[in-house]
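Since we're looking at a predicted model, the values are computed, not measured. The first residue in the sequence is number 1, and the count goes up from there.
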Amino acid sequence: MRSTALILIGICMLIGADRSVSSDVFRCTGADGVSYSDTPCGETAERINVPDNRIGGSFDSNLPDLPKQQESEPEQSRTATPPVESSACRYIPSTDLRRYIIREQVVKGMTRENVIKAFGRPPETYPVPQETWVYTTDYYGMMYELTYVYFRDGCVENVVYRKP
């Protein structure tokens, strides 16, 4: 009997919590100043849009907008310049970035500073033909693996693991 009552209370709380999340918010200006309410509080009530911030939303909602091409440019000026290669840099959410650094992992899109935090200073670097950092992994005093980190425009373009 008691467990049934607890289940009913839990269901009621969930229903009430769901209603409070999806309810409207109104901003009212009066003689006492500004107040907020879940019901319209007069003719001057202004509906406030509250974005959904529950877990499971879209993680890319805080990304900056990509620059749009200018339509006013003449067609010949766009074709006269060579196409710009897309940058190897990509957005990595801060939680994922911290996880990669803690696990000592390097992934595409990281900056040089991120790689240094994850792997440390590189023992070997090669600036040409493409900036490459080489790391060695030792296992019981013997070289076990070579890690090549390739950069383009200051960001990791590729990571290759090879046996010596």
Min side-chain heavy-atom separation Val115-Phe151 under 4.5 Å: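 Counting from C-beta outward, Val115 and Phe151 do come under 4.5 Å.
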Do [X] and [Y] belong to the same hydrophobic cluster, where Ile, Leu, Val, Met, Phe, Trp and Tyr are linked whenever their side-chain heavy atoms lie under 4.5 Å apart, directly or via other members?
X	Y	value
Val160	Leu146	yes
Tyr148	Val156	no
Val159	Val107	yes

Value rounded to 0.5 Å, distance of [atom1] in [X] from [atom2] in [Y]:
X	Y	atom1	atom2	answer
Tyr126	Glu131	OH	CD	13.5 Å
Lys117	Arg112	NZ	CZ	15.0 Å
Arg121	Trp133	CZ	CH2	7.5 Å
Lys163	Glu145	NZ	CD	5.0 Å
Phe119	Thr137	CZ	OG1	7.0 Å
Ile101	Ile116	CD1	CD1	11.0 Å

Restricting to non-hydrogen atoms, name the atom on [X] and the atom on [Y] that form the minimum distance, rounded to 0.1 Å.
X	Y	answer
Lys108	Ile92	O-CD1, 4.0 Å
Cys28	Ala45	SG-CB, 4.1 Å
Leu97	Met110	CD1-CE, 3.8 Å
Pro123	Tyr135	CD-CD2, 3.8 Å
Ala118	Glu104	O-CG, 3.5 Å

OH (Tyr161) with more than 12 external heavy atoms under 6.0 Å: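 Counting neighbours around OH of Tyr161, more than 12 heavy atoms of other residues, nucleotides or ligands fall under 6.0 Å, so yes.
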